[in-house]
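Remarks on the structure that follows.
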Amino acid sequence: MTAAILSPLGEHLLNRMLEEPTCPGEACEGKNPGRQGCDEDARTFKPATGNPAVLQLRYSEDCQAVWAKIEHGGKGDLVTVEVSGGTKRAAEINYGDDQYTPMVHVGDDEFEVSACAVPKAGGAGTYEYYCIHGTEATAWR
């Protein structure tokens, strides 16, 4: 039983039962949003046009963190997230066609953040490098 609770799946299930993020604020920096419970209250910004690989920003007010997700990418493509004047994180698609970054801390005040889709050089990507931008005032859904 103890091993199950200490496993990543057990940690994820425990966080879901508690319904509270385990890492509010700066403690979320670089962590997995799902394992920390930050995806529970997360809102999404996903532009409907000019978004060939389906790039999105996710924001958890409870965790004071943002992360980026790419869908319909290809193996080797990158997704990045960067807070203006703060941290930058990246993740590579290793299998499948989607991936999300670790979280970056944004605090509970004003912030500006960018997410970028970076196709693998020489890969089979159907899109060119592009970015989307958001702030605390973005129309998060």
Side-chain angles (χ1 to χ4, degrees), residues 2-141:
T2 302
I5 291 173
L6 296 177
S7 73
L9 177 59
E11 179 184 348
H12 177 74
L13 292 173
L14 185 60
N15 290 343
R16 297 263 184 209
M17 290 185 325
L18 296 174
E19 294 189 25
E20 290 183 11
T22 59
C23 68
E26 291 182 17
C28 290
E29 183 67 47
K31 293 188 177 176
N32 179 310
R35 289 188 182 151
Q36 302 303 314
C38 296
D39 58 348
E40 290 297 311
D41 78 315
R43 295 178 290 153
T44 302
F45 171 61
K46 179 169 62 173
T49 59
N51 197 356
V54 189
L55 182 60
Q56 58 186 270
L57 283 165
R58 306 278 331 260
Y59 170 50
S60 168
E61 191 171 343
D62 287 349
C63 292
Q64 300 175 2
V66 175
W67 60 97
K69 181 176 180 182
I70 186 173
E71 297 174 332
H72 307 296
K75 185 175 180 179
D77 291 355
L78 293 176
V79 58
T80 66
V81 63
E82 182 174 12
V83 176
S84 182
T87 307
K88 182 176 184 178
R89 300 280 177 184
E92 180 178 335
I93 298 175
N94 292 313
Y95 60 90
D97 67 355
D98 66 334
Q99 183 61 274
Y100 59 89
T101 67
M103 293 183 283
V104 293
H105 173 66
V106 293
D108 58 1
D109 292 327
E110 295 179 2
F111 64 86
E112 187 175 330
V113 63
S114 298
C116 298
V118 185
K120 177 181 177 181
T126 59
Y127 65 94
E128 294 182 18
Y129 175 98
Y130 72 100
C131 300
I132 60 175
H133 309 280
T135 70
E136 75 290 341
T138 293
W140 303 96
R141 299 181 188 261

Inset, instruction - Go through the structure and list residues passing side chain to side chain donor-acceptor pair (under 3.5 Å) with Thr44, not counting sequence neighbours. - result: Arg58
Inset, instruction - To the nearest 0.5 Å, tell me how far Ile70 CD1 sits from Ile93 CD1. - result: 4.5 Å
Which pairs of donor and acceptor atoms, one on a side chain in residues 94-102, lie under 3.5 Å apart (sequence neighbours left out)?
from, atom 1, to, atom 2, distance (Å)
Gln99, NE2, Glu92, O, 3.0
Tyr100, OH, Asn32, OD1, 3.4
Tyr100, OH, Asn32, ND2, 3.2
Thr101, OG1, Ala68, N, 3.0

Legend entry - Qualifying residues under side chain to side chain contact (heavy atoms under 4.5 Å, CB included), relative to Thr138, sequence neighbours excluded: Phe45, Thr135, Trp140
Inset, instruction - Only counting residues at least two apart or in another chain, list the ones meeting side chain to side chain contact (heavy atoms under 4.5 Å, CB included) with Val104. - result: Glu29, Val66, Val81, Val83, Thr87, Arg89
Inset, instruction - Specify the closest pair of heavy atoms between Asp77 and Lys120, including all atoms of both residues, with the distance to one decimal. - result: OD1-N, 2.8 Å
Legend entry - Euclidean distance, Lys46 NZ relative to Leu57 CG, rounded to 0.5 Å: 12.0 Å
Legend entry - Inter-residue atom distance Glu82.CD - Glu112.CD, 0.5 Å rounding: 10.0 Å
Inset, instruction - To the nearest 0.5 Å, tell me how far Arg35 CZ sits from Cys23 SG. - result: 12.5 Å
Inset, instruction - Any chance you could measure Met103, atom CE, to Cys38, atom SG, to the nearest 0.5 Å? - result: 4.0 Å
Inset, instruction - Go through the structure and list residues passing side chain to side chain donor-acceptor pair (under 3.5 Å) with Asp41, not counting sequence neighbours. - result: Ser60
Inset, instruction - Applying salt bridge (Lys or Arg N to Asp or Glu O under 4.0 Å), name anything that partners Lys69, two or more places apart in sequence or on another chain. - result: Glu71
Legend entry - Reported CG-to-SG distance for the pair Leu55 and Cys116, which is rounded to 0.5 angstrom: 7.5 Å
Legend entry - With Phe111 via ring pair (Phe, Tyr, Trp, His ring centres under 6.0 Å) - residues at least two apart: Tyr59
Legend entry - Partners meeting side chain to side chain donor-acceptor pair (under 3.5 Å) with Thr80 (sequence neighbours left out): none
Legend entry - side chain to side chain donor-acceptor pair (under 3.5 Å) partners of Tyr129, counting only residues at least two apart: none
Legend entry - salt bridge (Lys or Arg N to Asp or Glu O under 4.0 Å) contacts in which one or both residues fall within residues 126-141, not counting sequence neighbours: none
